[in-house]
Each structure stands twice: as C-alpha cells, then as structure tokens.
Amino acid sequence: MTKIDEPRRFGPGWPIRSATAGPDPTTTMPSALTSSRAYSWYIGATFSLFWVYSIIPDIARVSRSAVESTVGVGLVVIFSLCFLAAAPIAWTLTTRGRILVCGAILALTLLFVPWVGTEVTGLWTYAGVIIGMCVFPWIFTLTAIGTLTAAALALRLLTGPWSDALLIVPVIILSISLMMAAFARTMAVINELRATQAELEAVTAERERSRVARDIHDILGHSLTVITVKSELAARLMDADPERARSEIEDVETIARGALADVRATVSGVRGVTASGELAAVRRALAAAGVEAELPSSTDTVPAEHRELVGWVIREGVTNVIRHAGASRCRIRISEHDVTIDDDGRGPAAPIGAGSMSSTGLRGLRERVESAGGSLRFGPGELGGFTLTASLPDAAALSQTAGAQS
C-alpha cells in the first residue's frame, strides 16, 4: 500500500457498503456515467466550463486557417466532455487510477498551448478541481494543488514582467481547487453517515426481530405447556370429577387468552414480565402437572432492576421442567445475586434436540441473561436431575461501568 492509499474508498459516488451488500451500480462502468450522482456533477461542471468556452474567440483569432480553427474548437468540445466524465470515472477507480485521470485532464490542457500560450495555465483550474473531487488524502491533495499553483505562478513569471495580475490565475487555481476538495469531503462524510444510518437501521431491525421471536417463544412455550398439562388433567378428570375438569378447562381458556394478549403486547413492545408474577404462574403450572413445588415466599431480595430478568428465567426454567424433565419435585431459590431452578427428573443425560423448543428456549434465555450482563449455567443438579442457574449482574459494577462510559 502506497502512502496515498487509503484503507477504504469513500466520497461522492463511493458509498460505504458492507462486503455482502453487493456491487453498487454507481461505482461500476458504464452505470457510473448515468447515476444520479453523476448527473448532479454534470449540472455544476457544465456551468464551470465558461472559462473553456471563453477561449473560443482567441482560437478563432489566432488560427491561420479554417481547419486550424475547427481543430481548436473541436479540442474545446473534447476537453469539455472529458472534464465532465472525469469525476464519475475517477469514482470507479483505485487511487492510482484516479491519479491517472487527473494527469490526463492536465495533459489535455497543454493541447491548447498553440492557441493561447502561457494563458493555458488558466485551464489548470479544471485539473485542480478534479484533484479535489477525487478525495485523496489531505496531504496528497494539498501537495498536488500546491504544486499545480506554484507551476502556474512560475510559468507566468518566466514569460512576462512582474505585475499583480500574474497572481490572479494561481490564486484562482488554489482557491477553487481547495474549495472543491472541501466540498467533496463534505459529500463523502454525508454519504458515510447515510450508509452508517442504513446499516444501523438494518441491525436495529434484526435485533427487534430476534427480540420478538425470543419473547414469543418464551411466552408460547410456557403457556402451551401449561395448556397441554391442564388439558390432559381435564381429560382424566372428565368422568371422575366433572366439576374439577370444568375448572381446568376454564383455566385453559384463561391461559390461552392471556397468552394471546401477551403475544400482542410483545409485538407492540409494551409487555412486562415480573419475578413475582411468574412465580405465581409457575406455582399453578407445577400443581397442574403434579410436580411438588418448593418456591420462595417472595421476590423481595431481587433488585428491582433485575426482576424482569428473573421472571424470564423462572418462566423458561419451569417450562423445561414440566416439558422435558419428567420430575416430581422442583425447587426454586432466589437471592440478590442469582436464581437457581432444580428438579429431580431425568437430568442432562436426557437428549435435547437441536431444533426443539427447549434448546431454542435455553439459547434465547442465555442471550437475554448475557445481554443484561449476567451469566447462565446448567447441568446436573443437587436433586439428581437438572439445574439451571442464572447469575445476576452486579448492580454496583454496572453503575460504575455506565459512569465510566459516560
């Protein structure tokens, strides 16, 4: 990589794009010549060509024949077209290619020497403009424009007596070229910000889809599990205890309606989960499943900022106990530092399919806990079955981290 190479290409016509975003039609030929960016350049560049047009009377005056005059006017047309195409073409090239484009524009100006002599330095402004529009590193841009300005001043000093008028053209070259360089960089920053904004929008949308998918899984996984257990219980009690069966069916209807409301609230992003609410819910679910429950009497020890997270842990943990453990006993312990769910079921030796609801739920729960700054562990438990422990993030440490970041 040379000194003037940059780690990434940016500028008008060079939007920042990810490696997987595919080719940008505005940076490939011939689409670059017909892009919206190119048309914006054409409008401004056409008005700037008045200086080129102004030398047509000089060409006609000094030409010794109609053929010579026609050639001179033809060169004006060619130069104008090349100048218009130079920037869009340069935007498709690497650093070395852009340098060649700038050199080509400068070389074309020298073709007018037979007609205008040293006044050709006035056309060097166009070469300076292209240098600025190529968005080279500032050191290279300043060096190239400064050299062009110094060469114009030196040539005019060598071919004529000193006067203040000799400074006009070099000053025009320097000022307009630097102005266009600053303008090009402003456009480059705008393009980069727009591309970054689009990328952030895509990332935000993906995160929101993941959140909704995870929440809906957790909600439906728990609710459908309880509905299944209560439906099976109602079927067994249909003949032996019709009143109890009717009560279970009513509970199924209530849970189903609640699950539907939860899904709607999750999609709208307003659903709230609390540790106490989930503790009450799993108490009923475990009783319906015939699982002996050892639950804490309250969740007061849980810091307020972590009660929603503890609620999700309780919901997913107990759902797995009911659906997969085959347990007769479930114990939940809660402290200000962690929450642990144990059972006496089959334990981790029981296979959990990679595509099952449980494995998806544990993955989603791990993401939820870790995103909050905690950690999740699971494996063989004290009761002989499966244990799941979620370590809560330290509130003091999080506060210190947030203060340091701010």
Side-chain angles (χ1 to χ4, degrees), residues 214-215 217-230 255 259 262 272-353 356-394:
R214 182 183 62 201
D215 288 359
H217 164 268
D218 293 345
I219 292 167
L220 294 183
H222 175 78
S223 299
L224 292 177
T225 297
V226 177
I227 288 172
T228 300
V229 171
K230 285 185 170 290
I255 293 171
D262 285 345
V273 174
T274 63
S276 58
E278 293 303 320
L279 199 60
V282 300
R283 188 188 303 275
R284 296 191 299 270
L286 289 170
V291 178
E292 179 186 352
E294 296 181 24
L295 308 179
S297 58
S298 71
T299 59
D300 294 341
T301 58
V302 180
E305 63 269 20
H306 298 325
R307 288 179 182 175
E308 179 179 354
L309 177 62
V310 170
W312 285 114
V313 174
I314 294 173
R315 171 184 281 260
E316 180 60 30
V318 173
T319 298
N320 285 334
V321 170
I322 296 175
R323 297 197 61 186
H324 302 288
S328 61
R329 181 184 175 194
C330 176
R331 181 179 66 190
I332 300 178
R333 292 174 295 181
I334 297 176
S335 72
E336 61 178 324
H337 301 296
D338 55 40
V339 52
T340 302
I341 301 174
D342 287 301
D343 65 68
D344 62 351
R346 290 187 291 267
I352 299 176
S356 69
M357 182 77 76
S358 177
S359 63
T360 301
L362 289 177
R363 285 198 302 270
L365 183 60
R366 182 189 292 277
E367 292 175 0
R368 191 188 298 277
V369 172
E370 291 180 349
S371 66
S375 62
L376 187 71
R377 305 185 306 277
F378 45 83
E382 296 178 0
L383 300 182
F386 191 83
T387 184
L388 182 150
T389 301
S391 298
L392 304 179
D394 180 43

message: Working to the nearest 0.5 angstrom, can you tell me the gap between R323 CZ and T319 OG1?
response: 8.0 Å
task: To the nearest 0.5 angstrom, please state how far the CD1 atom of I332 sits from the CZ atom of R283.
output: 9.0 Å
- prompt: Does the side chain of L383 come within less than 4.5 Å of D343's, by heavy atoms?
  reply: no
task: Find the distance between OG1 (T389) and CZ (F378) and round it off to the nearest 0.5 Å.
output: 11.0 Å
field: N-O pairing of R315 and E278 below 4.0 Å
entry: yes
- prompt: Which residues pass the salt bridge (Lys or Arg N to Asp or Glu O under 4.0 Å) test with E336, sequence neighbours left out?
  reply: none
- prompt: Of the non-hydrogen atoms in C330 and I341, which two are nearest, and what is the gap between them?
  reply: SG-CG2, 4.0 Å
- request: Indicate the atoms forming the closest heavy-atom contact of A293 with L286, along with that distance.
  value: CB-CD1, 3.7 Å
- line: Tightest non-hydrogen contact, residues R368 and S371, listed as O-OG, 2.8 Å
- prompt: For R331, what residues pass the salt bridge (Lys or Arg N to Asp or Glu O under 4.0 Å) criterion, not counting sequence neighbours?
  reply: D342, E382
task: Enter the distance from L388:CG to T340:OG1 here, rounded to the nearest 0.5 Å.
output: 8.0 Å
task: Please round to the nearest 0.5 Å and tell me the distance separating atom CG of L376 and atom CD of E367.
output: 11.0 Å
- request: Would you indicate whether the side-chain heavy atoms of S391 and H337 approach each other to under 4.5 Å?
  value: no
Atom of A289, atom of I322 and distance for their closest heavy-atom approach: CB-CG2, 4.1 Å
- line: Minimal heavy-atom distance between L309 and P393, with the atoms involved, is CD2-CD, 4.3 Å
Side chain D344, main chain G384, donor-acceptor under 3.5 Å: no
- request: Indicate the atoms forming the closest heavy-atom contact of L392 with S335, along with that distance.
  value: CD1-O, 4.1 Å
